[in-house]
Protein chains: 2
Amino acid sequence: MGGTPPDLESLRLLTLVAELGSLGQAAERMRISQPAASKRLTMLERRLGLTLVDRSSRGSALTTEGKAVCQWSDRVLSEMESLMAGVAALRADQDDDLRLASSMTLAEHFVPRWIGALRQRSPDVRVSLRVTNSEQAAALAAGGQIGVGFIEAPTVPPGLCSRQVGADRLVVVVAPDHPWVRRRRPIEPAELARTPLIVREPGSGTRETLERILAGIDVEPARPLMVLDSNAAMRAAVAAGVGPAVLSVITVREDLAEGRVREVPVAGVNLNRRLRAVWARGSRPAGAAELLLGIASQRLPDVDTAA
Amino acid sequence: MGGTPPDLESLRLLTLVAELGSLGQAAERMRISQPAASKRLTMLERRLGLTLVDRSSRGSALTTEGKAVCQWSDRVLSEMESLMAGVAALRADQDDDLRLASSMTLAEHFVPRWIGALRQRSPDVRVSLRVTNSEQAAALAAGGQIGVGFIEAPTVPPGLCSRQVGADRLVVVVAPDHPWVRRRRPIEPAELARTPLIVREPGSGTRETLERILAGIDVEPARPLMVLDSNAAMRAAVAAGVGPAVLSVITVREDLAEGRVREVPVAGVNLNRRLRAVWARGSRPAGAAELLLGIASQRLPDVDTAA
DNA sequence: CCCGCCCATAACCGCAGATTATTACGTCAT
DNA sequence: ATGACGTAATAATCTGCGGTTATGGGCGGG
């Protein structure tokens, strides 16, 4: 009764049944035969141990439970679509209409979604994406190799125009059993600077922002406890109790919500930062690039920037 | 070259390789043989058209592209985990330690995640969930049939204690080609009240909140244009141009971000509302219920409540 | 130098999931 | 009534994905 995760095709089928109100039509939309769809759905219900649809002789409607599962499925499928959009962009490395580069954080959470939205509206544009760090992305934008770059650096490098596409905040995180969790008052920046931390590699926007903050303090910063080149690795290291780290709240939102790591307040420094789209001064984005910028800034991501 | 979506097992394998640094160890963790893992990964790379891992004779490390895909995969897998947690809770309808009921909106976006976090920490608690509307959930809580209910009603029904677990805002949304999109000034509440709208069924928190707002205006409200009992159906109807609707910003965030629907500002009414956990007065949540409440309110969801 | 760990390839096989053909059930129009 | 058209379920069959075991080939450390 452990419950094996269902495959995405079945979930997609469920959403189609919800949308079209008929199992056969859903089957047609998926380019499979009607019996196949029927069996799949039965199989899905057996796997989940739930009755998802009411079959009547003039159509099928979702049960209450079916609706709930359908909504959760939508989210899974949506993430998968983002993944596919990202992959398509990673793959098309030439012969493309719009070249992008992005820092890790932005690439992880936003860029694939924007690309997906762009492709929905103009499906024929070829988009390519390079995932690097903020420094590299800015350099590529300045050099004209890409149309638009997405960076999270504290300042806009010279020679670039920019537009804000989101907001972010750095947080100090530790494992739930770390002594800092029990503190009653925020820690002081000086103490943070003296503590060996898990940090990203030089050139990353996160690292650079951190250094800029600690540079303002009259304390010799401690040597890094560990240098990692991916946010996921850092999250795992923090949760495993290796030590404290400073990370974008976006990347650890889930870990925080589920209690795998804890946030430690810091006194008196502004850890907010802006996420920006950048492009070479003089070459105003046009066509696909313009459209993408519109999508990206049309609705700024909701981020908790409050203390 | 359309690109078939990969199966979740392969994505999981990728994340395990990233975590463990070795294909063989990842295979072991997944309870499959090493050759199977090797073949799967090769297959995945062929499917996506990308080189994801650098195989060396003393381990495997992800390429830059591999890291990006791995992060996107994490999100897909995380949503699937939520789905499974939700399904497990829907299924266990008796013989359980903690009974929950939730409105649609909360059930869609938050409750499965909280349940998942709860199960991670104490895997042996049996949780059950009923998905209804706010009115029903509150009634179940008041009647003692459930331990905790999650509602989005504007007021706390009598006889219940509550605790805020999130914030939300209602928005007026229309299709991108609706005349309201072109307006330069916010629409007046009276005009909204006079317009036939797509609404949820009576008893839903969304409907109730809307009626409470429109009741404050000295205008006879128009009859509904269409009554639907699921947020997804409303989103589809709005996007299809059926008419305007008033929905939780949470449910339409993606549609807004990707331009499928547009938000129409409303003048002079407060559309914010609180998402609450409720329980019967007198029976303070204990045990699993207490833990879940802690998880839910430990970190309030980041929601854009600003105008 | 050989033994360990890593990964890839080969040959085999079982089962999930597709197909077509057929049955059964309701609704509606004639 | 009755047949036409929609719905979905069942039966029989087959293909191929994804698993297994067995084996071979680099590379590093004791």
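Distance CG (A:L44) to P (C:dA18): 12 Å, rounded to an integer number of Å. Separating the CG atom of A:L13 from the C1' atom of C:dG17 is a distance of 13 Å, rounded to the nearest angstrom. Spacing between atom CG of A:L20 and atom P of D:dA8 amounts to 11 Å, rounded to whole angstrom units. Residue A:D7 contributes atom CG, which lies 14 Å from atom C1' of D:dG18 at whole-angstrom precision. The CZ-P distance, from B:R40 to D:dT20, rounds to 10 Å in whole Å. As rounded to whole Å, 14 Å separates atom C1' of D:dT7 from atom CD of A:E28. Rounding to whole angstrom units, CG of residue B:L23 and C1' of D:dG26 are separated by 16 Å. One can place CD of A:Q34 at 14 Å from P of C:dA21, the figure rounded to the nearest angstrom.
Ranked by how close their nearest DNA chain C nucleotide is to the 5' end, A:R58 and A:K39 are led by A:K39.
An OP1 or OP2 oxygen of D:dA9 is reached within less than 4.0 angstrom by a side-chain nitrogen or oxygen of A:S38. Using a 4.0 Å cut-off, some side-chain N or O of B:S22 falls inside it from OP1 or OP2 of C:dC7. OP1 and OP2 of C:dA18 both lie 4.0 Å or more from every side-chain N or O belonging to A:S33. Distances shorter than 4.0 Å separate some side-chain N or O of B:Q25 from OP1 or OP2 on C:dC6.
Taking 4.0 Å as the cut-off between side-chain N and carboxylate O, A:E45 and A:K39 do not count as a salt-bridged pair.
Checked against C:dT19, D:dG19, D:dG6, the side chain of A:I32 finds its nearest nucleotide in C:dT19. Among the nucleotides D:dA11, D:dG6, C:dA8, the one closest to the side chain of B:P35 is C:dA8.
A:R200 and A:T206 share no donor-acceptor pair across their side chains, judged by distance under 3.5 Å alone. No side-chain N or O of B:T251 forms a donor-acceptor pair with one of B:E108 less than 3.5 Å apart. With 3.5 Å as the limit, one finds no donor-acceptor pair spanning the side chains of B:S134 and B:E208.
Between A:L98 and A:L118 there is a side-chain heavy-atom pair separated by less than 4.5 Å. With a 4.5 Å cut-off on side-chain heavy atoms, A:F150 and A:F110 do not count as touching.
Within 4.0 Å of B:S60, counting heavy atoms only, lie sugar-phosphate atoms of the nucleic acid but no base atom. Among the atoms of the strands shown, none is found under 4.0 Å from any heavy atom of B:E9.
With rounding to the nearest 0.5 angstrom, the CZ atom of A:R126 is 8.0 Å from the CG atom of A:D97.
Residues from residues 45-56 of chain B that place a heavy atom under 4.0 Å from any atom of DNA chain C, listed by number: B:R55, B:S56.
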